[in-house]
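Accompanying notes for the structure given below.
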Amino acid sequence: MATTTAPARRQPAQALRPAPKPRHIVGTVAKIVLALVFVLPIVFMFVSSLKPDAQIFSDLGSINAFLPTGHISFANYAGVFDRVPIVTFLMNSVGISAATVILGLLVNSLAAFALSRMRLRGKKIILTAIIATLIVPFETLALPLVWWVNQLPWLQVNGFSLALTHGWLDTYRVQIIPFIANAFSVYLFHQYFDSIPKELDEAARMDGAGWFQIYRKIIMPLSGPAIATVAILTFLPAWNSYLWPIMVVQSENLRPVMVGVEYFYQLNVAWGQIMAYTTLITLPILVLFIAFQRSFVNSIASTGVKG
Amino acid sequence: MVLIHPSRAETAPSVKKPSPPRKVNRGRRKESLTALGMVAPAVLLLALFIFVPAALAFVLAFTNAQLISPNPIGFVGLTNFIQLFQDPVFYRSLLNTLYFAAVVVPVQGGAALGLAILVNTKTRGTSFFRTVYFLPVVTSMVVVSMLWLFMYQQNGLINELIHRLTLGLVTGPDWLNNPATSMPAIILMSVWQGVGFHMVIWLSGLQTIAPDLHEAASLDGVSAWQRFRFVTWPGLRNTRALVLVTITIQALSLFTQVSVMTQGGPLYSTSTVVYDAVQTGYQQQQTSYASAISLVFFALVLIVAAIQRFLTREKA
């Protein structure tokens with residue numbers, strides 16, 4: 001690229017190429033139509049959440065279905081707060097997702113750090129075994145896992161005494177702990193750590209730094225993109241989790257947001273309220289997505305690296 | 001770098017200079033212990049929540065275990081599998097799952113590639129379109145299912161749209177309550193939700209193809225189709241295998257859409273293998289029977305993935 005002939009060679013090429021006007025216009029029109037296909041249903045959800053049910057249906061036949069016109073109010077939202085303990089659900093989901101992301105970042109990056117940086121016999125085998133778990137879809141494990149977590153013990157602290165309890169069903173921990181360690185997160189961190197020059201930590205070792213200090217003060221601060229990717233890839237499934245909580249959580253006060261849709265399977269279906277509920281549980285993720293678009297897209301693209 | 005690596009001495013322990021190797025050895029052992037401590041949490045958790053349940057699936061499938069039962073677990077041999085292969089609901093679920101995957105894999109994979117090529121330009125506003133196409137991916141499948149459940153109503157948005165576009169000539173069906181249209185309706189929605197994900201994966205593949213190749217091809221006056229056929233398609237070999245495997249596993253695992261929208265109905269027309277497993281394992285608490293279904297499901301995933309691997313490799 002540094003050669004001076006390159007731009008000179010490219011000049012005639014560009015001049016030769018005919019201006020692709022018609023195709024350009026077709027492409028743009030196609031892009032806009034497709035954009036409408038993807039965005040209009042979501043707009044419809046937002047807009048409908050602001051209208052009374054009768055008006056939602058009368059607006060269906062016109063462009064008004066996608067416009068906030070007519071009797072706009074937050075009545076559906078008020079109805080949702082009456083019908084569903086949504087504040088509890090939102091707090092649960094925030095807490096469960098945050099705990100899974102933070103503990104996941106810690107546990108997976110530590111493992112990847114040791115496997116990438118430190119001398120340990122059999123670390124290749126350990127890494128291979130970890131990556132091998134990727135071939136098992138969660139859906140295969142879910143049912144034996146329900147039975148298994150019901151057998152697991154837990155230490156309960158009651159004031160000053162410890163008690164051994166039995167079974168993890170219907171708790172917060174059953175929604176967090178099984179999802180902390182993640183093979184793909186370890187793999188992503190490992191890839192990233194390998195790209196950081198080893199001279200950095202060797203110099204730090206010479207200065208007397210311990211392994212934890214190298215991890216905390218050198219490697220992690222340099223791994224922003226990997227942290228963002230793992231955080232997003234952990235957060236999305238945690239926030240969206242549905243199959244697992246419907247099986248392991250019975251108590252209303254422990255439920256996450258996605259399970260809340262079941263409150264609307266009733267005789268008188270209130271569509272406006274349903275749209276208000278789905279809007280409320282989508283907004284947090286949408287705000288994060290718009291704020292960190294590039295990281296979101298990059299993190300998905302990174303799942304394409306594993307082949 | 002050799003200089004600051006004292007460990008070199010340790011690989012050949014010598015009797016002549018006993019004190020430095022011992023010190024190094026101690027340092028090395030400490031390093032190994034620290035490393036082990038750092039790896040342990042992840043390894044233990046993966047063992048506890050992936051290896052153990054995977055092994056349990058194999059064991060429980062041959063027992064009469066129930067989720068909550070006062071009776072001790074007993075081995076029953078192949079009873080669960082015999083029962084499974086005589087169960088018409090399971091067969092129907094298996095067929096539905098294969099049907100869903102057979103349509104979704106080529107349609108979603110192809111549509112995603114089309115989108116990726118469309119937005120793989122450096123023109124203005126391209127990143128805006130990428131973001132918009134990606135929007136349904138970050139929207140939860142539960143939310144998307146509720147939204148489309150509403151749009152698929154007999155008097156809902158989609159039928160209203162069909163009515164308008166055909167100037168009142170066509171009246172849309174009651175999509176989700178009709179066994180003939182329920183699965184196609186779920187397929188359409190699933191592709192809408194998931195296509196942006198694979199668009200991004202195709203895009204990262206497209207961007208590994210050197211632009212010089214395209215430039216050379218267009219200089220030679222090659223048509224757009226030929227350019228795709230002889231430059232783009234061969235350049236996407238690795239990406240193709242990956243997209244194929246991820247869509248397939250995702251499609252075979254179909255559950256959420258069915259659970260939210262149709263509960264397997266009408267007339268089992270949308271029941272799937274995973275849905276059937278959850279119904280028996282959780283609703284009816286028959287852990288052993290559900291484990292047998294899970295095993296068959298896992299075998300299915302492995303077989304399909306192996307076949308795809310074989311096919312994509314042979315053509316190379």
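Here the structure is a predicted model, which is why all the values come from computation and not from measurement. Order of the sequence lines sets the chain letters (A, B, ...), proteins ahead of strands, with each chain counted from 1.
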Contacting moiety of A:Ile285, where chain B heavy atoms sit under 4.5 Å: side chain

Proximal component of B:Val245, with respect to chain A [non-hydrogen, under 4.5 Å]: neither

Ring centroid separation B:Phe134 to A:Phe289 under 6.0 Å: yes

Contact winner vs chain A - B:Ser288, B:Pro41, B:Ala61, B:Pro136, heavy-atom pairs under 4.5 Å: B:Pro136

ring-ring contact (aromatic ring centres under 6.0 Å, His included) assessment of A:Phe138 paired with A:Trp244: CA-CA 10 Å; A:Phe138 177 71; A:Trp244 186 243; 5.7 Å; yes

Under 4.5 Å from any heavy atom of chain B - which part of A:Leu288: neither

Side chains of A:Tyr242 and B:Ser140, donor plus acceptor under 3.5 Å: no

When B:Leu36, B:Leu147, B:Ile50, B:Thr34 are compared by non-hydrogen pairs under 4.5 Å with chain A, the top option: B:Leu147

Check: A:Gln273/A:Tyr277 side-chain N/O donor and acceptor closer than 3.5 Å: no

Ring centers of A:Phe179, B:Phe49 separated by less than 6.0 Å: no

Choice from A:Thr133, A:Val39, A:Ile274 maximising heavy atom contacts with chain B below 4.5 Å: A:Thr133

Among the listed options B:Ala57, B:Ser127, B:Ala47, B:Ser291, the residue most often paired with chain A at heavy-atom distances under 4.5 Å: B:Ala57

Side chain / backbone / both / neither for A:Met45 at chain B, heavy atoms under 4.5 Å: both

Region of B:Phe129 that comes under 4.5 Å of a non-hydrogen atom in chain A: side chain

Euclidean distance, A:Arg117 CZ relative to A:His190 NE2, rounded to 0.5 Å: 9.5 Å

A:Ile32 versus chain B, the contacting section by heavy-atom distance below 4.5 Å: both

Residue, of A:Leu143, A:Val248, A:Leu236, A:Val146, that accumulates the most heavy atom pairs under 4.5 Å with chain B: A:Leu143

Heavy-atom pair count under 4.5 Å with chain B, highest-scoring of A:Leu34, A:Asp59, A:Asn150: A:Leu34

Which of A:Ala183, A:Ala114, A:Pro178 touches chain B most, by non-hydrogen pairs under 4.5 Å: A:Pro178

Part of B:Leu115 lying under 4.5 Å from any heavy atom of chain A: side chain

Structural part of B:Phe297 lying under 4.5 Å from a heavy atom of chain A: side chain

Backbone of A:Ala276 reached by a side-chain donor or acceptor of A:Ser49 within 3.5 Å: no

Max heavy-atom pair count under 4.5 Å with chain A, selected residue of B:Gln66, B:His163, B:Gln153: B:Gln153

Side-chain heavy atoms of B:Gln250 within contact of B:Thr246, under 4.5 Å: no

Under 4.5 Å from a heavy atom of chain A, the part of B:Met146 involved: both

Atom group of B:Leu149 that falls short of 4.5 Å from chain A, counting heavy atoms: both

Neighbour count above 12 (heavy atom, 6.0 Å) for A:Ile125 CD1: no

Heavy-atom pair count under 4.5 Å with chain B, highest-scoring of A:Trp271, A:Tyr215, A:Trp239: A:Trp271

Intermediate values then yes/no, ring-ring contact (aromatic ring centres under 6.0 Å, His included), B:Phe298 and B:Phe58: CA-CA 11 Å; B:Phe298 189 42; B:Phe58 283 93; 7.3 Å; no

Beyond-backbone contact of A:Ile177 with B:Leu45, side-chain heavy atoms, under 4.5 angstrom: yes

Polar side-chain atom of A:Trp148 near backbone of B:Leu48 as donor-acceptor pair, under 3.5 Å: yes

Modelled atom types, side-chain donor and acceptor of B:Thr131 and A:Gln293, under 3.5 Å: yes

Atom group of A:Leu152 that falls short of 4.5 Å from chain B, counting heavy atoms: side chain

cation_pi(B:Arg240, B:Trp202) dist<6.0 Å, angle<=45: no

From A:Lys31 atom NZ to A:Leu36 atom CG, the distance as rounded to the nearest 0.5 Å: 14.5 Å

Side chain, backbone, both or neither of B:Phe128 within contact of chain A (heavy atoms, under 4.5 Å): neither

Greatest number of heavy atom pairs closer than 4.5 Å to chain A - which of B:Val200, B:Val138, B:Val119, B:Val274: B:Val138

Option that, when pairs with chain B are counted at under 4.5 Å, heavy atom only, ranks first among A:Leu243, A:Ile232, A:Thr282: A:Leu243

Proximal component of A:Phe66, with respect to chain B [non-hydrogen, under 4.5 Å]: side chain

Region of B:Gln207 that comes under 4.5 Å of a non-hydrogen atom in chain A: neither

Heavy-atom side-chain contact between B:Met189 and B:Ser145 under 4.5 Å: yes

Interchain contact, B:Ile249 with chain A, by part (heavy-atom threshold 4.5 Å): side chain

Parallel, tilted or perpendicular, as decided by the 30° and 60° cut-offs, for the rings of B:Tyr133 and A:Phe38: tilted

Which atoms of A:Ala65 approach chain B - backbone, side chain, both or neither, heavy atom under 4.5 Å: side chain

Contact winner vs chain A - B:Val143, B:Val43, B:Val132, heavy-atom pairs under 4.5 Å: B:Val143

Stepwise side chain to side chain contact (heavy atoms under 4.5 Å, CB included) check, B:Val144 with B:Trp192: CA-CA 9 Å; B:Val144 168; B:Trp192 178 85; 3.8 Å; yes

Chain A contact via B:Thr287 - which portion, at a heavy-atom distance below 4.5 Å: side chain

Region of B:Val59 that comes under 4.5 Å of a non-hydrogen atom in chain A: neither

A:Ile42 versus chain B, the contacting section by heavy-atom distance below 4.5 Å: both

Chain A contact via B:Leu46 - which portion, at a heavy-atom distance below 4.5 Å: both

